[in-house]
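Below: the structure, in structure tokens.
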Amino acid sequence: KRSWAERLKAGLARTRQNLSGLFGRRRIDEELLEEIETTLLLADCGVEATQWLMDALRRRIKKDGLTDAEQLRDVMAELLTELLLPLQQPLQVEAHQPFIIMVTGVNGAGKTTSIGKLAKYFQSQGKTVLLGAGDTFRAAAREQLVVWGERNGVPVIAQEHGDPAAVAFDAVQAAKARGVDVAIIDTAGRLPTQLHLMEEIAKVRRVIAKAEPGAPHEVLLVLDANIGQNAITQVEAFDKAVGLTGLVLTKLDGTAKGGVIAAIARRCPKPVRFIGVGEGIDDLRPFSAREFVEALLG
Ligand code: GDP
């Protein structure tokens with residue numbers, strides 16, 4: 001099996017090859033800069049981040065008197081790192097016990113899979129974990145969590161025909177009673193346009209706060225990295241409804257172009273707590289700006 005770094009590199013291959021082709025040119029000229037700009041836009045960077053990067057790149061070319069295209073690779077790596085570094089804020093769960101995480105997202109983003117991976121991640125750090133099967137719409141999602149929990153010795157709080165807020169409440173109570181370190185509460189997938197469902201997760205959040213003042217301590221949005229600028233719409237809508245504190249960016253091993261993270265950095269900056277680089281249980285990594293830039297430009 002390939003390492004996570006290789007899978008991230010494979011996922012970002014297209015963008016990396018496009019940029020490499022340009023940096024392989026001999027001279028910096030206006031045509032080259034326009035092609036870099038187009039490549040960034042095609043890589044999902046979005047207009048704002050692309051503009052920011054191009055302005056900074058042009059300033060550096062002028063200031064340092066750069067003439068050779070190959071010199072731009074290092075400058076671009078530096079600028080991208082500067083852009084993405086503020087998003088690198090690892091999730092610290094030690095401040096509260098239980099530390100309560102609420103997980104949101106649209107269907108298919110990788111929410112259920114990411115919850116399993118997160119549980120495994122915290123367990124591997126010696127922490128006890130409890131899951132709340134708050135996706136009461138899809139029986140399959142609940143089953144998936146319950147089966148996964150049984151296999152890994154992680155208790156799962158679920159109700160057959162429960163109301164999502166009631167499941168969340170029970171999960172918080174159980175987490176407190178059992179003294180677990182981390183409680184991860186799932187919510188059903190929903191689209192930002194489904195206003196009644198957006199109101200529903202706002203209610204789930206309020207009920208969690210009633211069960212434990214100050215909670216949830218982390219509200220995550222799970223985002224598929226392949227959805228282009230829709231990612232911005234999702235971050236803004238979920239942030240408005242529940243106050244996001246972090247993102248999990250999934251499927252960066254697939255055909256993701258990678259630039260969406262730059263767009264997030266400029267348009268709606270939120271800490272990227274983790275990235276998903278595969279379907280396996282260990283395929284979740286804390287986000288590192290340097291590792292990401294290395295995969296994109298190295
Ligand atoms: P949910 O509807 O948001 O709960 O999504 P699921 O967790 O069911 O995931 C949807 C699909 O995406 C499944 O086939 C997962 O295996 C897949 N998936 C989730 N995360 C990743 C990832 O990081 N990489 C890849 N390649 N697939 C993923």
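Indexing begins at 1, ligand by ligand and atom by atom, following the structure's order. Residue indices begin at 1 and follow the sequence shown.
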Within ligand 1, which atoms have a heavy atom of Ala109 less than 4.0 Å away? 3 (O)
Looking only at protein heavy atoms, which one is nearest to atom 25 (C) of ligand 1, and how far off is it? Asp253 OD1, 3.5 Å
For ligand 1, which atoms sit closer than 4.0 Å to a heavy atom of Gly276? 23 (O)
In this structure, atom 11 (C) of ligand 1 is nearest to the protein heavy atom Lys251 NZ, 4.1 Å
For Thr233 and Gln229, run side-chain contact (heavy atoms from CB on, under 4.5 Å): C-alpha distance rounded to whole Å, both residues' side-chain angles, the deciding distance at 0.1 Å, then the answer. CA-CA 7 Å; Thr233 316; Gln229 301 309 299; over 6 Å; no
Please report which non-hydrogen protein atom sits nearest to atom 3 (O) of ligand 1, along with the residue it belongs to and the distance in Å to one decimal place. Lys111 N, 2.7 Å
Mark the output for Gly278 as yes if a heavy-atom distance to ligand 1 is under 4.0 Å, and as no if none is. yes
Can you tell whether the side chains of Asp283 and Lys117 come within less than 4.0 Å, N to carboxylate O? no
So Glu279 and Arg7, salt bridge (Lys or Arg N to Asp or Glu O under 4.0 Å) or not? Walk me through it. CA-CA 11 Å; Glu279 297 186 87; Arg7 269 173 287 136; over 6 Å; no
Side-chain donor-acceptor pair under 3.5 Å between Gln123 and Asn152, yes or no? no
Hey, which atoms in ligand 1 end up nearer than 4.0 Å to a heavy atom of Val106? 3 (O)
In this structure, is the centre-to-centre distance between the rings of Phe99 and Phe122 below 6.0 Å? no
Atom indices of ligand 1 within 4.0 angstrom of Thr112 heavy atoms, with elements: 1 (P), 4 (O), 7 (O)
Note: ligand 1 atoms sitting under 4.0 Å from heavy atoms of Val277 are 23 (O)
Just which atoms of ligand 1 are under 4.0 Å from any heavy atom in Gly110? 1 (P), 3 (O), 5 (O), 6 (P), 7 (O), 9 (O), 19 (C)
Under 4.0 Å from any heavy atom of Asn107, which atoms of ligand 1 are there? 2 (O)
So does Lys127 have more than 12 non-hydrogen atoms from other groups sitting under 6.0 Å from NZ? yes
Shortest reach to atom 13 (C) of ligand 1 by a heavy atom, considering only Arg7, Lys117, Glu279: Glu279
Can you tell which part of Asp135 has a heavy atom less than 4.0 Å from ligand 1: side chain, backbone, both or neither? neither
Can you tell me if Gly108 has a non-hydrogen atom under 4.0 Å from ligand 1? yes
State whether the shortest distance between N or O atoms of Thr250 and N or O atoms of ligand 1 falls below 3.5 angstrom. no
Examine Asp283 against ligand 1 and note whether any of their N/O atoms are separated by less than 3.5 Å. no
Heavy atom under 4.0 Å from ligand 1: found in Val222's side chain, backbone, both, or neither? neither
Are any of the N or O atoms of Thr113 closer than 3.5 Å to those of ligand 1? yes
Which is it for Glu199 and Arg206 under the salt bridge (Lys or Arg N to Asp or Glu O under 4.0 Å) test, yes or no, and what are the steps along the way? CA-CA 11 Å; Glu199 178 46 39; Arg206 288 195 297 273; 3.3 Å; yes
